[in-house]
S.K.: 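The following block contains the structure, expressed as structure tokens.
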Amino acid sequence: MINPVSVLSDPKNRSFYCSLFIVLSLICGAYFIGSASISQEYKEKLTRWKVIYNMQNTNLDTCKKRCQPSGTEALPEGIVAKTSDLEMRPLWGSSMKNKNSTPSMSLLAIAVGIKQKEIVDKIVRKFLSSDFVVMLFHYDGAVDKWRDLPWSDTAIHVSVMNQTKWWFAKRFLHPDIVTEYKYIFLWDEDLGVENFDPERYLSIIREEGLEISQPALDPVKSEVYHPITARVKKSKVHRRFYKFKGSGRCDDQSSGPPCIGWVEMMAPVFSSAAWQCVWYMIQNDLIHAWGLDVQLGYCAQGDRLKNVGVVDSEYIVHLGLPTLGVADDNKGINGMAHSQKEGSKALAPSGPPQASNRAKVRMQSFIDMRIFKERWRNAVKEDKCWVDPY
């Protein structure tokens, strides 16, 4: 057994234990000092982590509130281009020279066939002189036959066989594409514009606050028109019409189409905000869009009794020319002409003239209207959150 007294009495052992005690003291001191330092650093880190966590939560809340288009979540917000326009861009060089020029603020989109070339030429010339963007929807495929017109290269041409302007509009006039234009004129091709000035028309609808409108129709020269769209002489704008006899009377108590809040479908003019609503109401498969006119007032950005109207002082003529479904001896039903060499005579038809399908087109229009009305009724019934303002 080791005697502690004898061990400590040995000078060598005493020196060893003194050194060991000093070393252990230093180690313990370093441990406690280090622990305090680490504890302080840990507290600082916790504080920083708490701040970062709170910032992340704040950013998360902010990001949740940010309206980012679906599909762009992987992109930083600043790089997302939400809209476009129909302005042509150069293939090379800078477009900065046009930076100071005033961009076109309105768009004319019109469905055209080559047989109405002369009429359309007069329409387009008036709109181009008022600095409109012009977009032609060719339903007969005869795009090249418009190339001789001086304005042809400045217009945008879209060609698909045997389609209506509403088919084109649903596919090529998405609100995100035309949002830069304050007004969209979606017109038929059989309109006379001798008494119509686009700039004066725009001035009037801005002054009157019309979100959905159309120029009045000359009741003497127009082939087809509804009473509410007939021109009222010595009037600038009207919003309703009166009928005191027979069925379907219209008076000051009338609050809906066809007495008030209604325009026809051959020459409607929409504000950008109204068009955004109308585009969503156009049914993708109902290409004639019959029945849509009665519901346009829901897109008037407020009271349809005030925001929908007919401009009398700038009026047009509806020529009522049949287009889609009409046969042509040298073409199919609105088809392309037989190919031929330049300067050669037109080829004679190889068989008897094709019968017109105009009656079938009109019948399909009625079918489309019936389907649209049914869809509207079902939508109203199923949407428990929607409240009819009228």
S.K.: What's the verdict on side chain to side chain donor-acceptor pair (under 3.5 Å) for Tyr242 and Asp252, showing C-alpha distance, side-chain angles and the deciding distance?
M.R.: CA-CA 8 Å; Tyr242 296 91; Asp252 286 328; 2.5 Å; yes
S.K.: Answer yes or no: is there a side-chain heavy-atom contact under 4.5 Å between Glu264 and Tyr225?
M.R.: yes
S.K.: Answer yes or no on whether Lys170 is positioned over the face of Trp279, meaning its NZ or CZ is under 6.0 Å from the six-membered ring centre and within 45° of the axis.
M.R.: yes
S.K.: Rounded to the nearest 0.5 Å, how far does OG of Ser271 lie from CD1 of Ile205?
M.R.: 8.0 Å
S.K.: So, does Thr83 use its side chain to make a donor-acceptor pair with the main chain of Thr179 at under 3.5 Å?
M.R.: no
S.K.: How long is the gap from CZ on Phe372 to CE on Met281, to the nearest 0.5 Å?
M.R.: 5.5 Å
S.K.: How close do Asp312 and Val232 get, counting heavy atoms only, and between which atoms?
M.R.: OD1-N, 2.9 Å
S.K.: Can you find a heavy atom in the side chain of Ile204 that is under 4.5 Å from one in the side chain of Glu314?
M.R.: yes
S.K.: Under 30°, 30 to 60°, or over 60°: which ring-plane class applies to His226 and Trp262, parallel, tilted or perpendicular?
M.R.: perpendicular
S.K.: Would you mind reporting whether Gln163 and Phe168 have side-chain heavy atoms less than 4.5 Å apart?
M.R.: yes
S.K.: Stepwise, does the side chain to side chain donor-acceptor pair (under 3.5 Å) test hold for Asp388 with Tyr298?
M.R.: CA-CA 9 Å; Asp388 191 338; Tyr298 288 97; 3.1 Å; yes
S.K.: To the nearest 0.5 Å, how far apart are NZ in Lys182 and CG in Leu107?
M.R.: 15.0 Å
S.K.: Closer than 4.0 angstrom, basic N to acidic O: yes or no for Asp176 and Lys82?
M.R.: no
S.K.: Looking only at side-chain N and O atoms, does Asp368 offer a donor or acceptor that is under 3.5 Å from a partner on Gln364?
M.R.: yes
S.K.: Looking at Asn357 and Lys360, would you say the former's side chain and the latter's main chain have a donor-acceptor pair under 3.5 Å?
M.R.: no
S.K.: If you round to the nearest 0.5 Å, how far is CG of Asp131 from OG of Ser106?
M.R.: 9.0 Å
S.K.: Indicate yes or no: at least one non-hydrogen side-chain atom of Asp197 is less than 4.5 angstrom from one of Lys126.
M.R.: no
S.K.: Just grab all the disulfide bond (SG atoms under 2.5 Å apart) pairs involving residues 190-265, residues at least two apart or on different chains.
M.R.: Cys250-Cys259
S.K.: Looking at Trp187 versus Phe196, is the centre-to-centre ring distance below 6.0 Å?
M.R.: yes
S.K.: Is a donor on one side and an acceptor on the other found under 3.5 Å between the side chain of Glu73 and the backbone of Gly71?
M.R.: yes
S.K.: For His138 together with Trp146, are the ring centres under 6.0 Å from each other?
M.R.: yes
S.K.: Just by modelled atom types, is the Leu210 backbone N or O under 3.5 Å from a matching donor or acceptor in the Ser213 side chain?
M.R.: no
S.K.: Before accepting this row, confirm whether a basic side-chain N of the pair Glu208/Lys306 lies closer than 4.0 Å to the acidic partner's carboxylate O.
M.R.: no
S.K.: Name the residue from Tyr183, Tyr315, Phe185 that meets the ring pair (Phe, Tyr, Trp, His ring centres under 6.0 Å) definition with Tyr201.
M.R.: Phe185
S.K.: At what distance, to the nearest 0.5 angstrom, does CZ of Phe137 lie from OG of Ser159?
M.R.: 11.5 Å
S.K.: Could you pull out all residues at least two apart from Glu199 that satisfy salt bridge (charged side-chain N to carboxylate O under 4.0 Å, His left out)?
M.R.: none
S.K.: Does the ring of Tyr390 carry Arg304 above it, NZ/CZ under 6.0 angstrom from centre and within 45° of its axis?
M.R.: yes
S.K.: Work out which heavy atom in Ala274 is nearest to a heavy atom in Ile212; give both atom names and the distance.
M.R.: CB-CG1, 3.8 Å
S.K.: Transitive ILVMFWY cluster of Phe366 at side-chain heavy atoms under 4.5 Å: who else is in it?
M.R.: Trp290, Met369
S.K.: Applying side chain to side chain contact (heavy atoms under 4.5 Å, CB included), run through Asp190 and His318 and close with a yes or a no.
M.R.: CA-CA 6 Å; Asp190 57 340; His318 186 204; 3.3 Å; yes
S.K.: Can you tell me how far CZ of Arg171 sits from CG of Asn284, rounded to the nearest 0.5 angstrom?
M.R.: 4.0 Å
S.K.: Does Arg240 reach the main-chain N or O of Asp251 with its side chain, forming a donor-acceptor pair under 3.5 Å?
M.R.: yes
S.K.: Taking 4.0 angstrom as the limit, do Asp121 and Lys117 come out as a salt bridge?
M.R.: no
S.K.: Leu321 and Val124: same hydrophobic cluster, using ILVMFWY side-chain contacts below 4.5 Å?
M.R.: yes
